[in-house]
Structures are given as C-alpha cells and as structure tokens.
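All residue numbers refer to positions in the sequence shown, counting from 1. Atoms within a ligand are numbered from 1 in the order they appear, just like the ligands themselves.
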Amino acid sequence: MTTRRNFLRLVGSTAAGGVISQYGTEIARAFEQVAEGDMEVVWFQGQSCTGCTISTLQAQYPTLEEALNEFRLEVTFHPTIMPEAGEAAIESMSMSPDILIVEGSIPTDIPEAATIGGRTAEDWVTDLAPQSDIIVSVGNCAAFGGWPAAENKKRLYDLGENVTGAKGLQFEKRKKGGVLGADFTGGAGLPVVNLGGCPPNPDYVLLTLATVLNGHVPELDEYNRPLPFYEPLVHDNCMHRGYFDRGEFADKPGGEGCLLKQGCKGPYTHCDDQTRLWNDGTSVCLNVSAPCIGCMEPGFWDRFSPFQQEMEGSPVLGNVSATQAGAVGVAAAAAGIGAHLGRRAMGYGKFESAEKADAETKAAEEDTE
Ligand code: SF4
Ligand code: SF4
C-alpha cells in the first residue's frame, strides 16, 4: 500500500490547479505512477440507486476493469460488484483507504434508512473519511443530497420534505456543511471532490482519480467540482443553440427547435457533456432532443422540477418568457431579441440580475432548511 507520506509527495509534486481532462498518455502515466503498491479503494453506497456504479462501468479508455487490474487500484469494498457478501465483504474493507468513493446520500434523521453490516452509513462515512487520503462523492446524491433530499412538493403519502434527512458529504443542496462539515479535508489536504450528476459522466470518475494520482491538485469550483468538467455551460455548446438564438422553440420533447419551452435547464447547468458526450462519444440527452433536467447541479431535484416546465421569470430570460419569445419566433431574431436572449444566457452567473436571483434562491433554500 502506498504510504500517506508517499502519496502526499506524489500529490504535491506537480503544479496546482491542473486537471487531466482528456484520455491519453497522461491517464496511463497517472495510474502507472502508483508503482509502490496497490492503492486501496473503498466504494461505499448510502441511499443510492446504483446508477453511478452502472455509469462508471461504461467507462472507456481505460475501462473500469482495466483501471482496476492494470493500474493497481484494489477495490477492497464495493457492495455491488465485489464477489464477497456478508461478513466476508465487511472484513475485506480497508479502514484507512487511499481513496474513499461514496455513492448515494447519507440519511441523518433516519440513519437506519441506509445501513451496511448493521452499521449506519453515517457512522461508516464519519469513521472512514478522516482515515482516507482522497474522498470523492460520485453523483448528485453523495455530493449534494440528490433526490433523496427532495422536498416531496406534493406531500405524497402525507410525508414531509427530505424525510430521511438526506445529506451530501460536504453539502446540503447548495449549502456547505453536509455530514462531514464545511471545513473537512482528507489526508491529502483536499475537501471532498464532488462529481455532480445523476449519474456523472464515467470519464469524470476515472479522470479525477487519474488527476490526483498524477500528483495534481485539481482546481475546484465553489461546489468543489473539478472546474474543467463543470465550468462549461450546457447552453453554450448545445446543438440546438442556433434555434434558441433565432427564437425557434420545439412544441414537444423530441420536436424540432430549442427545448427551452419543454423545460430545458441547459441555461442553468454546467458540465462539458455537450462536447464530451456519453457512451464512447456517441450522444447526449440534448442530441436526441431530450430536455436537460439539470442533474449536474447542486439543488437538483427541487431547483429544476417540474422538469417539463420552463423556469418562468428566470435570470436567463429576464422579464421575457420563452412563450413570448416563441410567439415572436424568427422575427425576434431580426429584431435582435433572439440575440438579446442569447447574450443573457451566455452571461449566466455573470450578470448582476442573475447573481441576485441566484443569491435569493440560495437564501430561500437556507431559510427552509
Ligand atoms: S446520483 Fe443519480 S444515479 Fe447516482 S445514486 Fe443518486 S439517483 Fe442514482
Ligand atoms: S435552452 Fe436547452 S435546448 Fe435550447 S439551446 Fe439552450 S440548452 Fe439547448
């Protein structure tokens, strides 16, 4: 096993802020550097659907299997893919792993809602994380609470919101804190690295591991997500952007045109999936005219549901609704309205009004939490 001292030397040996964002020789070199012994990995699951595991299993160049077998990553625990079960599985788990990966949210009001080996997920995670060098939240649930933390707006089954008290490791939706607390850092000195998404792109998982193993300290955004993956705005790289700029909107999901009126959350969602694509570079939601539902963002689910409804009065459109914009249609582009909307959208997060609306949303969320 790589010692903590060796690992820290590895992490500190190259320039800060760099992130491996593409496959190639770098990723192979990253894993090959782990030459002094196997890196022990624990992949833990809380309240999860296992979708993040399924997504990671679809990774290419290398596949997850190649990464594990050829690059000396020893997964000592993974409830879904390990052959052992019961006590044997628990006994094989490293209690001070080099890398702790968590999938699924952690229930804190009803801790028994997620248990492994008779212990609650909360107990496991609060024990394991301080003993781990690198901690990675894979998926929106582990990073921000995900759908288990949702409001239950319709009060189905007469239940309140976030019934189990689901939290992410270091965030509750967009608020810092979570199960480990806002100031937590792992043995390598990093906070929990959040890979938002429901699920995240499999590249994000392996490339993040490659980045830290290659000695880089990844530059993170305000939600602790690696910047190169989560800085691009979906709306900026969407194949339907021309329709948006011309004010041409689809009248149904799958229809021709920009999907904003069908509830597309691309103007509010950050990730590089429009250029990276999924399934070995085959496609992405918007390329088959499925509206973006904002799954990469903290606050996904509540912030973006109902998914099929446009976000009226949102910063991207100011006082102009997509319905109004759509009614104007192509003529809007000639009048410059399309371009105006385009500029507003591209400036998401930069315009004062957008920042104000964002701050108000955040404050409202904090009031209700
Ligand atoms: S983030 Fe999505 S895919 Fe991953 S465990 Fe949660 S619900 Fe499943
Ligand atoms: S609103 Fe959605 S469909 Fe329209 S251009 Fe933006 S990301 Fe694409």
Exercise for review: Answer yes or no: are there more than 12 heavy-atom neighbours, outside Glu84 itself, under 6.0 Å from its atom CD?
Suggested key: yes
Point to revise | Identified ring pair (Phe, Tyr, Trp, His ring centres under 6.0 Å) partner of Phe300 from the options Trp147, Phe307, Tyr268 | key: Phe307
Review point. Okay, side chain of Asn194, backbone of Gly196: is any donor-acceptor separation there less than 3.5 Å?
Key: no
Review point. Would Tyr230 and Asn224 count as a side chain to side chain donor-acceptor pair (under 3.5 Å) if you check the C-alpha gap in whole Å, the side-chain angles of each, and the deciding distance to 0.1 Å?
Key: CA-CA 10 Å; Tyr230 293 96; Asn224 292 351; over 6 Å; no
Point to revise | CH2 (Trp278) with more than 12 external heavy atoms under 6.0 Å | key: yes
Check your understanding: For atom 8 (Fe) of ligand 1, which protein N/O/S atoms are closer than 2.8 Å?
Key -> Cys49 SG
Study note, to complete from the structure: The atoms of ligand 1 lying under 4.0 Å from a heavy atom of Gly197, numbered in the order shown, are 1 (S)
Study note, to complete from the structure: Within the 2.8 Å cut-off the protein N, O or S neighbours of atom 8 (Fe) of ligand 2 are Cys238 SG
Study note, to complete from the structure: To the nearest 0.5 Å, atom CG of Leu227 lies from atom CG of Leu220 at 7.5 Å
Review point. Are Leu286 and Gln274 close enough that some pair of their side-chain heavy atoms sits under 4.5 Å apart?
Key: yes
Check your understanding: Got His270 and Glu231 here, is their nearest side-chain heavy-atom distance under 4.5 Å?
Key -> no
**Study point:** N/O donor-acceptor pair under 3.5 Å between Asn201 side chain and Leu277 backbone
**Key:** yes
Point to revise | Passing option when Pro200 is tested against Cys271, Ser137, Cys52, Cys295 for side chain to side chain contact (heavy atoms under 4.5 Å, CB included) | key: Cys52
